[in-house]
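Read through the structure below, which is laid out as structure tokens, and then see the notes.
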Amino acid sequence: TLVVGTRGRAIVGVNVDYGQIAWRQKVSAQIDGEAGYDPQRNLAYLGANDGSLFAVDPKTGDIRWAYKAEGGITQAPEIDGDRLYFATNRGRLYAINARDGSWIWDYERERPEDFTIAGQAVPRVYDDKLYAGFSDGFLVALEPPSGDVVWARSLASASEQYVDVDTSPIQVGDLLVAGSHSGGLYGLSRDDGTVKWRLPVEGAGSGTLVGTTLYFAAPREGLHAIDALTGHVIWRRGLSGAGNVTPPLSAGPYLIFSGSRTGLYVVDRASGRLEQTFFPGRGMCAAPTIDVANQRVYVLSNGGTLYALKLRW
């Protein structure tokens, strides 16, 4: 079952074999983010614009529990054992119990008075630390059980505006790679947040790591492949007119991602060569979902049509 949140205040379950709607569950607000799947509990988690996080049975659509946070949720939570971690657009990070949705702790930083970039970074757990980015330009390492701060590092040195850390941190070796909108990407020590390298790409989005190569996109400067240990660019491809681009996903030899003004892109991962596009007419803000078992990609267009496309490699 493919679980899809909609701006029509509903969560929909779609049978992937036939493309038929299996169930529809009305909820309290619009949903702009994708679902996260918890195989241990067989639950799908979806966040809504009113701050609700829903735990949904993907077979029936029944809501097992719901938690109400302060601020909208636009990303699926990070799942770590019995705890879920997620951030809201009010600059607050939450830890809740995955079994029943009960509160464990929350952490908040002061939000900038100026405008901020829409979206939030997905917090990530690596080894025994939780790493999260905030709209004041800080990347913070915390103790997962308690929310106590281990270290906090500003990635806002390049600018005083649009300093948001909206990229989800990625671990590679002893480094942590994260970025701010105005400052670009940084390679930092996981131990204390010391900056090891910086790549000044404005608006760099969350990436995908394959080996030690990191793939990410930026609205103005296009799709990049970099050495995540050094920050050196391996190749870059322009994406003129694509608009906002979702994080590239790796599937076989390809990178697959959506453009908000255009549609779906398929790019050769080794060279950056554009292999194929699929433009349904109104663009795609939603990130694609890769079905490795069936070699398919599912994606929702801005016109409200859900597509299943066959992958071949």
Side-chain angles (χ1 to χ4, degrees), residues 75 117 119-124 126-127 129 131-133 137-139 141 153-159 162-260 264-275 287-288 290 313:
Q75 301 279 6
I117 301 298
Q120 295 83 45
V122 178
R124 295 297 188 201
Y126 295 115
D127 297 329
K129 297 293 183 291
Y131 301 95
F138 274 80
L139 180 72
R153 175 69 61 181
S154 173
L155 306 184
S157 58
S159 173
Y162 305 126
V163 298
D164 312 49
V165 178
D166 287 340
T167 63
S168 300
I170 291 177
Q171 175 182 300
V172 52
D174 293 330
L175 290 181
L176 198 69
V177 180
S180 67
H181 182 84
S182 60
L185 284 184
Y186 294 77
L188 309 127
S189 166
R190 288 197 297 121
D191 294 332
D192 57 12
T194 301
V195 176
K196 301 297 185 180
W197 57 258
R198 173 177 170 249
L199 183 65
V201 178
E202 183 181 273
S206 297
T208 293
L209 188 70
V210 180
T212 59
T213 302
L214 180 67
Y215 302 93
F216 71 92
R220 293 183 180 178
E221 299 191 44
L223 183 68
H224 292 67
I226 69 168
D227 184 329
L229 295 174
T230 64
H232 293 157
V233 176
I234 300 170
W235 55 254
R236 183 179 75 85
R237 175 175 185 85
L239 297 171
S240 178
N244 292 326
V245 178
T246 63
L249 302 178
S250 177
Y254 306 121
L255 296 172
I256 301 176
F257 54 92
S258 302
S260 62
L264 197 72
Y265 292 82
V266 181
V267 171
D268 180 78
R269 197 176 68 218
S271 65
R273 181 179 66 249
L274 181 63
E275 297 288 353
I290 308 297
W313 63 74

Inset, instruction - Using salt bridge (charged side-chain N to carboxylate O under 4.0 Å, His left out) as the criterion, list what pairs up with D192, not counting sequence neighbours. - result: none
Legend entry - Qualifying side-chain hydrogen bond (donor to acceptor under 3.5 Å, both in side chains) pairs with a residue from residues 216-231, counting only residues at least two apart or across chains: E202-R220, T230-H232
Legend entry - Exercise: identify the closest heavy-atom pair between Y131 and R190: OH-O, 3.5 Å
Inset, instruction - Quick one: closest heavy-atom pair of P248 and A217, and the distance? - result: CD-N, 4.4 Å
Legend entry - Separation between CG of L175 and OG of S189, rounded to the nearest 0.5 Å: 7.5 Å
Legend entry - Side chain to side chain, T208 and L255, heavy atoms closer than 4.5 Å: no
Inset, instruction - Can you sort out the partners of I170 under side chain to side chain contact (heavy atoms under 4.5 Å, CB included), two or more places apart, ordered by chain and number? - result: Y126, L209, L214
Inset, instruction - Taking all heavy atoms of V122 and all of S168, pick out the closest pair and write down the distance. - result: N-OG, 3.0 Å
Legend entry - Nearest-0.5 Å distance that lies between atom OG in S206 and atom CG in L185: 9.5 Å
Inset, instruction - Hey, could you give me the CG/CG distance between D164 and L155, rounded to the nearest 0.5 Å? - result: 11.5 Å
Inset, instruction - Report yes if the side chains of R269 and T213 come closer than 4.5 Å at any heavy-atom pair, otherwise no. - result: no
Inset, instruction - State the CZ-CG distance between R237 and L223, to the nearest 0.5 angstrom. - result: 8.5 Å
Legend entry - Worked check of side-chain contact (heavy atoms from CB on, under 4.5 Å) between I226 and L199: CA-CA 10 Å; I226 69 168; L199 183 65; 3.8 Å; yes
Legend entry - OG on S260 to CG on N244, rounded to 0.5 Å: 4.5 Å
Legend entry - side chain to side chain contact (heavy atoms under 4.5 Å, CB included), paired with V177, selected from L188, V172, L229: V172
Inset, instruction - Under the side-chain contact (heavy atoms from CB on, under 4.5 Å) rule, what do T167 and F216 come out as? Steps first, then yes or no, please. - result: CA-CA 10 Å; T167 63; F216 71 92; over 6 Å; no
Inset, instruction - Side-chain contact test, heavy atoms from C-beta onward, threshold under 4.5 Å: evaluate it for W235 versus Y215 and give yes or no. - result: yes
Legend entry - Residue pair S258 / P288: nearest heavy atoms and the distance that separates them: OG-CD, 3.4 Å
Inset, instruction - Check whether more than 12 heavy atoms from other residues, nucleotides or ligands sit under 6.0 Å from atom CG of D268, and answer yes or no. - result: yes
